[in-house]
Amino acid sequence: MSTPQRPQPQGAGSDGVTRVALWSGPRSVSTALLYSFAQRADTRVVDEPLYAAYLAALPEVVHPGREEILQSQPTDPQRVVDEVVLGPCDRPVLFMKHMAHHLLSGVDRGFLDRTVNVILVRDPVEMLPSLSIQIPEPTVRDTGLDTQVELARDLAAAGRPAPVLDSSAVLRDPRARLGELCRYLGLELEESMFSWTAGARPEDGVWAPHWYHAVHKSTGFAPFRPKTDPFPERLRPLLERCLPLYRELLELAPELT
């Protein structure tokens with residue numbers, strides 16, 4: 001098995017804006033990372049801009065606050081790409097937190113050539129029990145792992161491999177992992193990124209009351225605490241489908257270290 005190519009530092013695009021696309025799975029400290037980058041004076045953050053487009057395309061998907069989400073964002077993914085992902089930005093850095101599964105297969109992914117892509121992962125053994133609190137019967141699609149694997153394959157084939165950032169590693173050593181991420185993005189690490197005021201932020205999506213309880217109580221990255229509860233047996237069939245995807249992702253993509 002070949003070793004994934006080590007990621008090379010990235011920087012601003014032709015318009016002078018570094019457009020960071022964080023392709024995350026759920027329950028993977030992605031919102032804490034969003035809050036961390038929101039502390040930077042040079043950065044504009046955007047919370048899951050493709051969420052409404054995802055729900056509009058899949059009427060069978062039941063998520064908390066579904067109708068409110070559909071009313072809060074454009075439901076045309078191309079409009080999101082044109083106006084948000086690649087649209088005007090008033091700061092040198094645009095940090096976009098995406099759930100990977102919001103990037104549906106029918107969406108033109110050409111914009112990925114103009115974004116700096118990072119894949120945020122969490123071991124499904126730890127992620128699935130947390131996800132099932134909000135989505136009682138989660139599927140592989142809900143985890144985003146299949147889309148993350150697709151992204152890793154496509155970006156590697158295009159000669160622009162996206163590095164993998166492990167959420168547990170972020171919590172174990174936020175300073176080291178954020179330092180590596182900032183170097184990869186061509187940015188200086190700032191001390192402000194390690195703390196924030198408790199409570200909601202203006203950039204929060206309307207789904208925040210359903211998903212962000214813990215991060216709204218936080219004032220920084222929480223210490224890593226491995227799960228001690230037994231893994232739920234009802235989720236074991238899903239775990240058996242997720243683990244091969246998780247392992248393939250780690251094989252395909254270079255780790256951000």
Side-chain angles (χ1 to χ4, degrees), residues 18-40 43-59 61-87 89 91 93-109 111-112 114-122 127 130-131 133-135 138-139 141-148 150-151 162 165 167 170 181 196 199-216 218:
T18 299
R19 300 174 185 277
V20 185
L22 184 76
W23 300 104
S24 178
R27 320 314 286 165
S28 299
V29 306
S30 58
T31 306
L33 280 170
L34 183 86
Y35 283 17
S36 174
F37 273 83
Q39 307 314 305
R40 299 179 61 100
T43 301
R44 176 71 61 195
V45 300
V46 178
D47 193 13
E48 301 182 32
L50 288 164
Y51 198 170
Y54 168 77
L55 292 178
L58 299 171
V61 172
V62 178
H63 277 201
R66 177 188 171 92
E67 292 306 317
E68 190 177 4
I69 295 166
L70 288 169
Q71 295 297 319
S72 71
Q73 295 177 322
T75 57
D76 177 2
Q78 190 59 53
R79 180 182 167 193
V80 174
V81 169
D82 293 341
E83 296 181 1
V84 180
V85 178
L86 301 180
C89 183
R91 298 185 188 178
V93 181
L94 177 65
F95 184 93
M96 296 168 283
K97 183 194 95 178
H98 296 283
M99 290 295 105
H101 54 285
H102 293 172
L103 185 62
L104 296 171
S105 57
V107 176
D108 183 351
R109 300 184 182 185
F111 71 89
L112 295 173
R114 297 175 60 185
T115 55
V116 183
N117 303 289
V118 178
I119 298 174
L120 179 65
V121 298
R122 186 181 182 188
M127 176 267 292
S130 180
L131 176 61
I133 295 173
Q134 296 295 340
I135 302 178
T139 65
R141 181 175 63 195
D142 294 319
T143 72
L145 280 164
D146 49 352
T147 306
Q148 288 177 316
E150 287 178 11
L151 282 169
L165 184 62
S167 64
V170 172
L181 178 59
W196 49 83
R201 287 196 58 84
E203 301 90 353
D204 285 349
V206 298
W207 51 88
H210 303 286
W211 293 91
Y212 294 176
H213 305 97
V215 75
H216 281 173
S218 72

Report the distance from atom CD of Glu48 to atom OG of Ser30, rounding to the nearest 0.5 Å. 6.5 Å
Provide the closest heavy-atom pair for Glu203 versus Asp47 in the form atom of the first, atom of the second, distance. O-CB, 3.3 Å
How far apart are the closest heavy atoms of Thr147 and Ala100, and which atoms are they? CG2-O, 3.1 Å
Quick one: pull up CG in Leu22 and OG1 in Thr115 and give me the separation to the nearest 0.5 Å. 11.0 Å
Would you give the length of the straight line joining atom CH2 of Trp211 to atom CZ of Arg27, rounded to the nearest 0.5 angstrom? 6.0 Å
Ser28 side-chain N/O to Gly25 backbone N/O, donor-acceptor pair under 3.5 Å: yes
For a 4.5 angstrom cut-off between non-hydrogen side-chain atoms, does Val107 reach Leu50? no
Any heavy-atom pair between the side chains of Leu58 and Arg141 that's under 4.5 Å? yes
Under the side chain to side chain contact (heavy atoms under 4.5 Å, CB included) criterion, do Val215 and Leu34 qualify, and how do the steps go? CA-CA 11 Å; Val215 75; Leu34 183 86; over 6 Å; no
Is there a side-chain contact between Asp142 and Pro26 (heavy atoms, below 4.5 Å)? no
Checking Arg66 side chain against Val61 main chain: does a donor-acceptor pair fall under 3.5 Å? yes
Counting distance only, does the side-chain N/O of Gln134 pair as donor-acceptor with the main-chain N or O of His210 below 3.5 Å? yes
Between Leu165 and Leu33, is a side chain to side chain contact (heavy atoms under 4.5 Å, CB included) present by the stated rule, with each step listed? CA-CA 11 Å; Leu165 184 62; Leu33 280 170; 4.0 Å; yes
Please walk me through it: do Glu150 and Leu103 pass side chain to side chain contact (heavy atoms under 4.5 Å, CB included)? CA-CA 10 Å; Glu150 287 178 11; Leu103 185 62; over 6 Å; no
Distance check, rounded to the nearest 0.5 Å: Phe95 atom CZ versus Leu181 atom CG? 6.5 Å
Step-by-step side chain to side chain contact (heavy atoms under 4.5 Å, CB included) determination, Val29 to Arg122: CA-CA 9 Å; Val29 306; Arg122 186 181 182 188; over 6 Å; no
Just one of Arg201, His216, Lys97 clears the side chain to side chain donor-acceptor pair (under 3.5 Å) bar with Tyr35, so which one? His216
Arg114 (side chain) donor-acceptor with Val85 (main chain) under 3.5 angstrom: no
Mind checking whether His98 and Trp23 have parallel, tilted or perpendicular rings, split at 30° and 60°? parallel
Would you confirm whether Arg19, through its side chain, and Gly87, through its main-chain N or O, come within 3.5 Å as a donor-acceptor pair? yes
Okay, side chain of Asp82, backbone of Arg79: is any donor-acceptor separation there less than 3.5 Å? no
Do the rings of Tyr54 and His63 sit parallel, tilted or perpendicular, given the 30° and 60° boundaries? tilted
Is it the case that the side chain of Asp108 and the backbone of Gln78 share a donor-acceptor pair, with hydrogens and angles ignored and the cut-off at 3.5 Å? no
Is a donor on one side and an acceptor on the other found under 3.5 Å between the side chain of Thr75 and the backbone of Ala53? no
Spell out, as yes or no, whether a donor-acceptor pair under 3.5 Å connects the side chain of Gln148 to the backbone of Thr143. no
Any non-hydrogen side-chain atom of Val80 less than 4.5 Å from a side-chain atom of Gln73? no
Please report the closest heavy-atom contact between Leu70 and Ala52, naming both atoms and the distance. CD2-O, 3.5 Å
What's the shortest heavy-atom distance between Leu112 and Asn117, and which atoms? O-ND2, 3.2 Å
For the atom pair CZ (Phe111) and CG (Leu86), what is the distance rounded to the nearest 0.5 Å? 7.5 Å
Are any of the side-chain heavy atoms of Pro49 and Glu83 separated by less than 4.5 Å? no
